[in-house]
**Q** 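Structure in structure tokens, see below.
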Amino acid sequence: MERKGLIIVLSGFSGAGKGTIMKHLLKKHPGEYHLSISATTRGKRQGEEEGREYFFKTREEFDAMIAAGELLEYATFNGNSYGTPRSYVEKLVNEGKDVLLEIEIQGALQVKKLYPEALLLFVTPPSANDLKERLVGRGTETADVIAQRLAISSQESQYMSGYDYLIINDQIEKSVEQVYAIISCEHFRTARNLDTIDMIQKDLKKFERR
Ligand code: 5GP
């Protein structure tokens, strides 16, 4: 029997390492997951490519996508809009493929409302101090921006318990394997296999004694 595709949402604080986990996961298990590419109004960063990191849109284009119902979810983060194109995710899930969404918390909660069966994973460093050290260690943001990110993280932390699983990202390789294990196990949940249960039950009926 065809297994069902999962919608897997990975969120986490800025600097928690979710992007790195995602990259390693895709590299280590090629072909097993499909990454959803979001649309965004934010400017392209150095090294980014249209259609690889994001579909870069003007405000007008983004608003038109919302109006046409083309986004499965969308949210504002740091003054820019981000959204998940609906058709790609729906197509793959219907084909039984697992789709990964690396999105922030407001978007993740919208996905859970729309698809209660979606799997929500939250990535955090072991402590708040670790988070600060990682942001400082990157050396790419000013002290002001770091303070702003930490303030956002503090607000975001209120929603952590709405996720299904918590990944404490201490060692990247360990976290990657944990995410892989969680996704693998999720496929075996009885609630995700009701069609198979139904088929076996019907099949067994023929052995029932009268
Ligand atoms: P960045 O600008 O650093 O690439 O991303 C900023 C934040 O937006 C990250 O937390 C990222 O996960 C989130 N994000 C990226 N794409 C989407 C999306 O389609 N929807 C939502 N809700 N958040 C997104």
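Both counts, for ligands and for their atoms, begin at 1 and track the order of listing. This one's a predicted model, so the numbers in the text were calculated from it and none came from an experiment. Reckoned from all heavy atoms, side chains included, excluding hydrogens, waters and symmetry mates.
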**Q** Counting C-beta onward and ignoring hydrogens, is there a side-chain heavy-atom pair between Val179 and Leu121 closer than 4.5 Å?
**A**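 Side-chain contact under 4.5 Å: yes.
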**Q** Show the distances, to 0.1 Å, for all pairs joining an N/O atom of ligand 1 and a protein N/O atom that are shorter than 3.5 Å, listing one pair per line.
**A**
unit_1   : atom_1 : unit_2 : atom_2 : d
ligand 1 : 2 (O)  : Arg42  : NE     : 2.6
ligand 1 : 2 (O)  : Arg45  : NH2    : 3.2
ligand 1 : 2 (O)  : Tyr82  : OH     : 2.5
ligand 1 : 3 (O)  : Arg45  : NH1    : 3.4
ligand 1 : 3 (O)  : Arg45  : NH2    : 3.1
ligand 1 : 4 (O)  : Arg42  : NH2    : 2.9
ligand 1 : 4 (O)  : Tyr54  : OH     : 2.6
ligand 1 : 5 (O)  : Tyr54  : OH     : 3.3
ligand 1 : 12 (O) : Glu102 : O      : 3.3
ligand 1 : 16 (N) : Ser38  : OG     : 3.0
ligand 1 : 19 (O) : Ser38  : OG     : 2.6
ligand 1 : 19 (O) : Glu73  : OE2    : 3.3
ligand 1 : 19 (O) : Gly83  : N      : 3.3
ligand 1 : 19 (O) : Gly83  : O      : 3.1
ligand 1 : 19 (O) : Thr84  : N      : 3.4
ligand 1 : 19 (O) : Thr84  : OG1    : 3.4
ligand 1 : 20 (N) : Glu73  : OE1    : 3.4
ligand 1 : 20 (N) : Glu73  : OE2    : 2.7
ligand 1 : 22 (N) : Glu73  : OE1    : 2.9
ligand 1 : 22 (N) : Glu104 : OE2    : 2.6
ligand 1 : 23 (N) : Glu104 : N      : 3.1

**Q** Side chains of His187 and Asp98: is there a donor and an acceptor less than 3.5 Å apart?
**A**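 Per modelled atom types, His187 and Asp98 side chains form a pair under 3.5 Å.
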**Q** Might you work through the salt bridge (Lys or Arg N to Asp or Glu O under 4.0 Å) test for Arg149 and Glu141, ending with a clear yes or no?
**A** CA-CA 10 Å; Arg149 297 250 158 132; Glu141 280 101 9; 3.5 Å; yes
**Q** For the CD atom on Gln155, are there more than 12 heavy atoms of other groups (residues, nucleotides or ligands in this structure) within a distance under 6.0 Å?
**A**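 At most 12 heavy atoms, drawn from other residues, nucleotides or ligands, come within 6.0 Å of this atom.
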**Q** Write down the atom of Phe62, the atom of Thr41, and the distance for their closest heavy-atom approach.
**A**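 Taking every non-hydrogen atom into account, CB-CG2, 3.6 Å.
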**Q** Please tell me if the side chains of Gln148 and Asn78 come closer than 4.5 Å, counting only heavy atoms from C-beta onward.
**A**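 They are in contact (side-chain heavy atoms under 4.5 Å apart), so the answer is yes.
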